[in-house]
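A quick write-up on the structure given underneath.
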Amino acid sequence: MDAIKEFFRDQAQYLRKDVWEVARQIGEHPELGYKEYFAAEVLCCYLQKHGFEVKRGISGVETAFLARFKGTRPGPRIAYLAEYDALPGVGHGCGHNLIGAASAGAAVILSKSLELAGEILVIGSPAEETSGAKVTLVEKGIFKDVDAAIMFHPGSQNVPVISSLALDALEFTFHGRAAHSVAATSFGINALDALINFFVGINALKKQIPQDMKVNGIITEGGTAPNIIPERAVARFYIRAKKRKDLDELREQVIRCAEGAATMVSAKMTWQKFEFSYDEMHTNLALAECFTKNLHELGIQQIAPPQTAMGSVDMGNVSRAVPAIHPYLTLGMGTEIPHTRDFAQAALSPDGESLVMLAMLALALTGWDVVSDNKLLQQMKREFLTVK
């Protein structure tokens, strides 16, 4: 490891206690998406303490923020993504307290170099677990002129290269006509019957589509009383596919299924998206290879092959706008199941502290490579344009 990276390693040791305190405070005060006022303020104050210029409430999102630190001369712009929302009833069962702290810590480590060219950004992005503020931040142009977007996620393995499923969140409302369910059956139009027909059709569709396409739904409204023919019935679905273009085709199939179900009982159907759509994650392989190399230099030798996450992440939308990585790093022994209280406890344990230390240093070293190695930067950009 060269001298500048040894310097960053020393800085990480020096900052360790404060960065873990950030992670601990956020972990012990879990907040749901778009309500992460405490977490956002803890991160903003930490970054301001280290000389970052911070703007709160960006892009019309109260708990989003943008922190900046300019180097001594022009150069690439590196964005570290901070997440800090929790899960209802579980707390930080996905370890977002570690993500936010590691991204802030990495940015501060990198800012300590007197040779820094370019600009370091920390982008606070709320609500990853629900509607995904990164989608809004991309659409509002926050990533314009950013050369690389970097973050990590705690998991069960060290996986530098991931892909994810594109996601649409669709709400279907079936409109019928209310009537007495016994005395005036012929007058009514049963919206719930239409909805049940829809689920039957979806079950048939599932048998025809590839296994990597997913259609999962629930009934959120099905009527008000057994003696009233339901005039309104509502279902919400997540539909997923490996590629956005494939998901667009699947979405049309699902909509046609809903239309047919409504027609069968003379009902009407409307639909809307109830959450933001996520694109699939495109890991920039040049950037991921750099991150992997830094893991090796930090003594991490167990690296898993590329994997497709069976979920969806709003970092996918970022990866369509700028070269990006979203690696997973092992929390503890990798045995805790995400989205559980056990995972939340592990994220507040000594294992969580060790992971924050590793993650923030690996992120910082990777950021340094991007700002200091023009060959790497150009390779990342060429790959991004090819994949895009």
Side-chain angles (χ1 to χ4, degrees), residues 1 5 8-27 39 42-43 46-47 50 78-84 92-112 120-125 128 148-162 283 287-304 309 313 315 324-334 336 338 343-344 346-370:
M1 185 174 290
K5 289 192 173 182
F8 290 140
R9 199 164 190 164
D10 291 342
Q11 288 297 313
Q13 288 290 349
Y14 176 75
L15 295 166
R16 178 172 186 156
K17 182 179 179 181
D18 287 347
V19 174
W20 175 242
E21 181 64 14
V22 169
R24 186 193 64 77
Q25 288 187 40
I26 295 172
V42 167
L43 288 164
Y46 175 74
L47 291 162
H50 288 277
I78 309 300
Y80 290 106
L81 280 293
E83 296 175 0
Y84 35 87
H92 279 282
C94 214
H96 289 192
N97 60 314
L98 306 181
I99 297 173
S103 286
V108 170
I109 291 171
L110 196 55
S111 74
K112 300 304 180 183
I120 309 165
L121 309 178
V122 180
I123 300 176
S125 48
E128 191 278 332
I150 307 173
M151 64 172 289
F152 102 101
H153 201 292
S156 59
Q157 298 181 84
N158 300 314
V159 191
V161 179
I162 72 151
T283 292
L287 187 55
E289 184 178 348
C290 175
F291 183 82
T292 303
K293 180 182 176 181
N294 284 311
L295 285 180
H296 285 315
E297 290 193 6
L298 294 171
I300 305 301
Q301 303 303 324
Q302 292 184 331
I303 305 295
V313 294
M315 191 67 170
I325 57 172
H326 184 285
Y328 283 80
L329 295 176
T330 308
L331 175 61
M333 299 299 293
E336 306 298 349
F343 198 98
L348 280 169
S349 73
D351 286 337
E353 182 177 1
S354 296
L355 181 56
V356 164
M357 182 68 177
L358 170 65
M360 71 175 182
L361 186 51
L363 294 173
L365 297 182
T366 302
W368 174 254
D369 287 333
V370 174

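For clarity, every value in this text was computed on a predicted model and none was experimentally measured.
The shortest side-chain heavy-atom distance between Ile120 and Tyr80 falls under the 4.5 Å cut-off. Under the 4.5 Å side-chain criterion, counting only non-hydrogen atoms from C-beta, Leu43 is in contact with Ile26. Counting heavy atoms from C-beta on, the side chains of Ile150 and Leu81 never come closer than 4.5 Å. Side-chain contact between Val356 and Val19 is present, with at least one heavy-atom pair separated by less than 4.5 Å. The closest side-chain heavy-atom distance from Pro160 to Ile325 is not below 4.5 Å. Under the 4.5 Å side-chain criterion, counting only non-hydrogen atoms from C-beta, Leu15 is in contact with Ile109. Using a 4.5 Å cut-off on side-chain heavy atoms (C-beta onward), Asn158 and Tyr328 make no contact. The shortest side-chain heavy-atom distance between Arg24 and Leu348 falls under the 4.5 Å cut-off.
Nearest heavy-atom pair, Ala12 versus Met360, reported as atom, atom and distance to 0.1 Å: O-CE, 3.5 Å. Summarising the geometry of Ala149 relative to Leu287, their closest heavy-atom pair is O-CD2, 4.4 Å, with the distance given to 0.1 Å. Between Leu98 and Ala23, the closest heavy-atom pair is CD2-CB, 4.2 Å. Annotation for Ala347 and Gly95: closest pair CB-CA, 4.2 Å, computed over non-hydrogen atoms. Between Ala82 and Gly100, the shortest heavy-atom distance links the atoms CB-CA, 3.9 Å. Residues Ile123 and Ala79 share a closest heavy-atom pair of CD1-CB, 3.9 Å.
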When you look at Trp368 and Asn294, which way does the side-chain contact (heavy atoms from CB on, under 4.5 Å) test go after all the steps? CA-CA 11 Å; Trp368 174 254; Asn294 284 311; over 6 Å; no
Before you tell me yes or no, could you show the steps for Leu329 and Phe291 under side-chain contact (heavy atoms from CB on, under 4.5 Å), namely the whole-Å CA-CA distance, both residues' side-chain angles and the distance that decides it to 0.1 Å? CA-CA 11 Å; Leu329 295 176; Phe291 183 82; 4.2 Å; yes
Quick one, Asp369 with Lys5, criterion salt bridge (charged side-chain N to carboxylate O under 4.0 Å, His left out). Give me CA distance, side-chain angles, the key distance, then yes/no. CA-CA 10 Å; Asp369 287 333; Lys5 289 192 173 182; 3.0 Å; yes
Pair Glu353-Arg16, salt bridge (charged side-chain N to carboxylate O under 4.0 Å, His left out): steps then yes or no: CA-CA 8 Å; Glu353 182 177 1; Arg16 178 172 186 156; 3.4 Å; yes
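To the nearest 0.5 angstrom, Leu365 atom CG is 8.5 Å from Arg9 atom CZ. Between the CG atom of Leu358 and the CG atom of Leu295 there is a distance of 6.0 Å, given to the nearest 0.5 Å. Summarising the geometry, atom CG belonging to Leu298 is positioned 9.0 Å from atom CE belonging to Met357; distances are rounded to the nearest 0.5 Å. Of the inter-residue distances, the one linking Tyr84 atom OH with Gln25 atom CD reads 15.5 Å to the nearest 0.5 angstrom. Within the model, atoms CG of Leu361 and CD of Glu297 stand 10.0 Å from one another, a figure rounded to the nearest 0.5 Å. Expressed to the nearest 0.5 Å, how far NE2 of His96 lies from NE2 of His153 amounts to 3.5 Å.
The environment of Glu289 atom CD is sparse: at most 12 non-hydrogen atoms of other residues, nucleotides or ligands sit within 6.0 angstrom. The number of heavy-atom neighbours closer than 6.0 Å to NZ of Lys112, taken from other residues, nucleotides and ligands shown, is above 12. Few gaps surround CD on Gln301; more than 12 heavy atoms of other groups in view lie less than 6.0 Å from it.
Put simply, the side chain of Asp351 never gets that close to the backbone of Ala346: no donor and acceptor are under 3.5 Å apart. Counting only distance, with no hydrogens or angles, the side chain of Ser103 and the backbone of Met151 share no donor-acceptor pair below 3.5 Å. In terms of modelled atom types and a separation under 3.5 Å, the side chain of Thr283 and the main chain of Ile162 share a donor-acceptor contact.
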